[in-house]
**Q** 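The structure is given below, and queries will be raised subsequently.
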Amino acid sequence: DGEFQLRGGVDKEGLDKEKDVLMTGRGSILLPQGIVNISDFHLQDSNFLAQTQLTNFSVNDFGNDFRGAVTGNLTWQGNIDNLTANNLHLKGDLVFSEGINLIHQPLSANFIWNGEFLDILEAKFDRILAKGILEYDIERETVKEINLDIKGKGIDIKSLPLVSIPEIIPYQGNIDFQGKLKGDISQPNLTGKVNLNDFQIANIDFSPLSGKITASGNQGINLQLDSVKNNDKLYIDIDNENQSKKIAMESNYTYLEAVKEKETLAIRGNNIPLEKITKPWLSYLPDTIEKIGGSLSGEMTFNLTDNNFIAEKIIINKPTLNNFQGDTLTTEAIKQGEVIEIRDGKINHQENEYLFSGEVTSLTNNPEIKGKVEIKEGDIQNFLRSWKIFDVRDFFPNSQPPQYGNAKDLYSFSVNLETTNNSGNEVASQTNNSGNEVTSKINNSGNEVTSKINNSGNEVTSKINNSGNEVTSKINNS
């Protein structure tokens, strides 16, 4: 559909090539993939030049490297007598809605096709800028070789195809990158320099990191970053199936390493701040657990097939659980199915030593905790102080704020009769609360103090005679 003007010779078979032919016009071409608008068409002596525009033109049928739709401008130049890709020249400024090949984000590209290769003048996706050469296999309709210079600044690591990280582990950071992507498009090689800023994982902060990255379809990804300020570092080794082989990270005095061998993941940690990393986990634990704290060190072997694990050599310095605060905690844990068994637990706090064991069941549906605690050394008062329990209501911190008494609250009786005789320096008081009798007598002449408490058969008598420095006490519960 369009308007065209033709000047020159025309015979029964079409254009008369012996005579000058000039065709100009504009219009549109309706195809199954969409509409191609022709803003300017020029044909002379079998050579043509066409300015076209595409809007949401489907490219799903153009080979495995293409998907989605494309929008933008294309300039076509060639010869109608030899209309092949090798003899066709293109200049484009296009936006691919779903990227091309390995790039899955929207991609804008300014390029030239000269019949042999695609010259990428500028390509942008996310915060990445690339330029270079793509060799295209016309017969197989696929990109054959790639050679691109790539720069990126402030790239959100969440937008990158990293190893799968569970949602329960929050992470963030921004990457600056400069390097090259080259080689066979099916197995390209990426090399370059990386700066990682504002990196945080599991609420653990890292100082700015810098280093290098190498990646290929055959070998996977290897990233080695170190801090120029301190000992912070991040090493990641991922296989060609996007599964982690080794991850090691260090921040301040915190160290964590995970190594995969076949279907087993061995994890070793040192000085891991539990209060930070467990914040996102509390919603998965019983409601009675409000706070977990301390510095964790230990080893764990994790089965990737059934998600069972064995945790050994667990040590927590300054362990905290809700109100409880201790000095050190050691234990082991084993997970089988929906049950985590806690073994050989020991907590030390000041002069106290507690032994504990238990299990956590129904991990995915209303978790339950069962356990027992034994006071091996220490007394109940120190135990209660460890848990900050001063009142029965402190066992249930969500019920109401604790209210603590003072010394005078320990006495339940009151004085209602008092007699003073200054002549004999004698003072006597008596209280009778339904059979409970309290009597005290002070006689300063003989420096004698005598008190008597009789609570329905329970008699307590004490005598202090300062003349002979004698103290006598007697309790009779008969």
Side-chain angles (χ1 to χ4, degrees), residues 168-169 201-204 247-259 264-282 284-286 288-303 307-363 367-389 394-395 397:
I168 197 173
I169 302 178
I201 185 167
N203 296 315
I204 299 175
I247 297 177
M249 59 182 69
E250 184 173 355
S251 173
N252 293 325
Y253 298 102
T254 298
Y255 180 79
L256 179 64
E257 178 184 83
V259 179
T264 300
L265 185 65
I267 302 174
R268 181 168 62 91
N270 190 40
N271 293 326
I272 299 174
L274 289 177
E275 185 173 1
K276 289 185 176 182
I277 70 171
T278 57
K279 282 183 180 179
W281 303 0
L282 294 179
Y284 294 88
L285 299 176
T288 53
I289 298 179
E290 299 177 348
K291 179 182 178 182
I292 299 174
S295 178
L296 169 67
S297 301
E299 300 175 1
M300 184 173 73
T301 302
F302 191 85
N303 190 309
N307 293 328
N308 291 328
F309 64 77
I310 298 175
E312 300 176 303
K313 301 178 182 179
I314 302 300
I315 301 175
I316 302 178
N317 291 317
K318 303 299 180 182
T320 301
L321 178 62
N322 291 351
N323 282 338
F324 176 80
Q325 290 181 341
D327 294 329
T328 60
L329 179 152
T330 60
T331 189
E332 294 182 356
I334 299 177
K335 178 182 179 294
Q336 291 286 345
E338 288 294 304
V339 178
I340 298 179
E341 182 181 0
I342 309 298
R343 297 180 177 179
D344 301 328
K346 183 172 72 173
I347 301 176
N348 294 96
H349 179 55
Q350 296 179 0
E351 298 87 4
N352 299 336
E353 181 175 289
Y354 318 125
L355 305 180
F356 67 92
S357 61
E359 63 180 29
V360 182
T361 60
S362 302
L363 298 177
E368 297 180 357
I369 297 179
K370 300 178 182 178
K372 64 178 181 179
V373 178
E374 174 187 349
I375 303 177
K376 185 177 180 181
E377 296 181 4
D379 56 43
I380 191 64
Q381 292 181 351
N382 288 336
F383 174 79
L384 296 177
R385 279 197 294 266
S386 298
W387 285 88
K388 294 185 178 179
I389 294 175
D394 292 350
F395 283 99

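Only this structure's heavy atoms are used, side chains among them; waters, hydrogens and symmetry mates stay out. All values derive from a computational prediction rather than experimental measurement.
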**Q** Out of curiosity, Gln336 CD to Asn303 CG, how far, rounded to the nearest 0.5 Å?
**A** 9.0 Å

**Q** I'd like to know whether Val259 forms a side chain to side chain contact (heavy atoms under 4.5 Å, CB included) with Leu265, so could you lay out the CA-CA distance, the side-chain angles of the two residues, the decisive distance to 0.1 Å, and finally the verdict.
**A** CA-CA 6 Å; Val259 179; Leu265 185 65; 5.8 Å; no

**Q** When you look at Glu338 and Thr361, which way does the side chain to side chain contact (heavy atoms under 4.5 Å, CB included) test go after all the steps?
**A** CA-CA 6 Å; Glu338 288 294 304; Thr361 60; over 6 Å; no

**Q** Is Leu256 close to Ile267 at the side-chain level, that is, under 4.5 Å between some pair of heavy atoms?
**A** yes

**Q** Under 3.5 Å, side chain of Thr278 to main-chain N/O of Leu274, donor-acceptor pair present?
**A** yes

**Q** Would you confirm whether Asn308, through its side chain, and Gly337, through its main-chain N or O, come within 3.5 Å as a donor-acceptor pair?
**A** yes

**Q** Would you please test Phe302 and Lys335 for side chain to side chain contact (heavy atoms under 4.5 Å, CB included) and show each step?
**A** CA-CA 9 Å; Phe302 191 85; Lys335 178 182 179 294; 6.0 Å; no

**Q** Would you say Thr254 and Pro273 make side-chain contact, with heavy atoms under 4.5 Å?
**A** yes

**Q** Check whether any side-chain heavy atom of Ile272 sits under 4.5 Å from a side-chain heavy atom of Tyr255, and report yes or no.
**A** no

**Q** Which heavy-atom pair separates Lys276 from Asn203 by the least distance, and what is that distance?
**A** O-ND2, 2.7 Å

**Q** Would you mind reporting whether Thr330 and Ile314 have side-chain heavy atoms less than 4.5 Å apart?
**A** no

**Q** Scan side-chain atoms only and decide if Asn348 and Glu353 contain a donor-acceptor pair under the 3.5 Å cut-off.
**A** yes

**Q** As an exercise, state the distance from CD1 of Ile369 to OG1 of Thr288, rounded to the nearest 0.5 Å.
**A** 5.5 Å

**Q** Are the side chain of Asp327 and the backbone of Gln350 linked by a donor-acceptor contact shorter than 3.5 Å?
**A** yes

**Q** Quick one: CG on Leu329 to NE2 on His349, what's the gap to the nearest 0.5 Å?
**A** 13.0 Å

**Q** Measure the spacing between CE of Met249 and CD1 of Ile204 and express it to the nearest 0.5 Å.
**A** 8.0 Å

**Q** Taking all atoms of both residues into account, what is the closest heavy-atom pair of Phe309 and Ile340, and its distance?
**A** CZ-CD1, 4.0 Å

**Q** Report the distance from atom OH of Tyr354 to atom NZ of Lys346, rounding to the nearest 0.5 Å.
**A** 13.5 Å

**Q** Thr331 pairs by side-chain contact (heavy atoms from CB on, under 4.5 Å) with which of Ile342, Ile316, Ile315?
**A** Ile342

**Q** For Glu275, give me all partners under side chain to side chain donor-acceptor pair (under 3.5 Å), at least two apart in sequence or on another chain.
**A** none

**Q** List the atom pairs, with distances to 0.1 Å, where a side-chain N or O of residues 291-301 and a protein N or O form a donor-acceptor pair under 3.5 Å, not counting sequence neighbours.
**A**
residue : atom : partner : partner atom : Å
Ser295  : OG   : Asn271  : OD1          : 3.3
Ser297  : OG   : Asn270  : OD1          : 2.9
Ser297  : OG   : Asn271  : N            : 3.0

**Q** Salt bridge check: are Lys372 and Glu374 linked by an N-O gap of less than 4.0 Å?
**A** no

**Q** For the atom pair CD (Glu257) and CZ (Arg268), what is the distance rounded to the nearest 0.5 Å?
**A** 4.5 Å

**Q** Looking only at heavy atoms, what is the nearest atom pair of Leu282 and Glu290, with distance?
**A** CD1-O, 3.5 Å

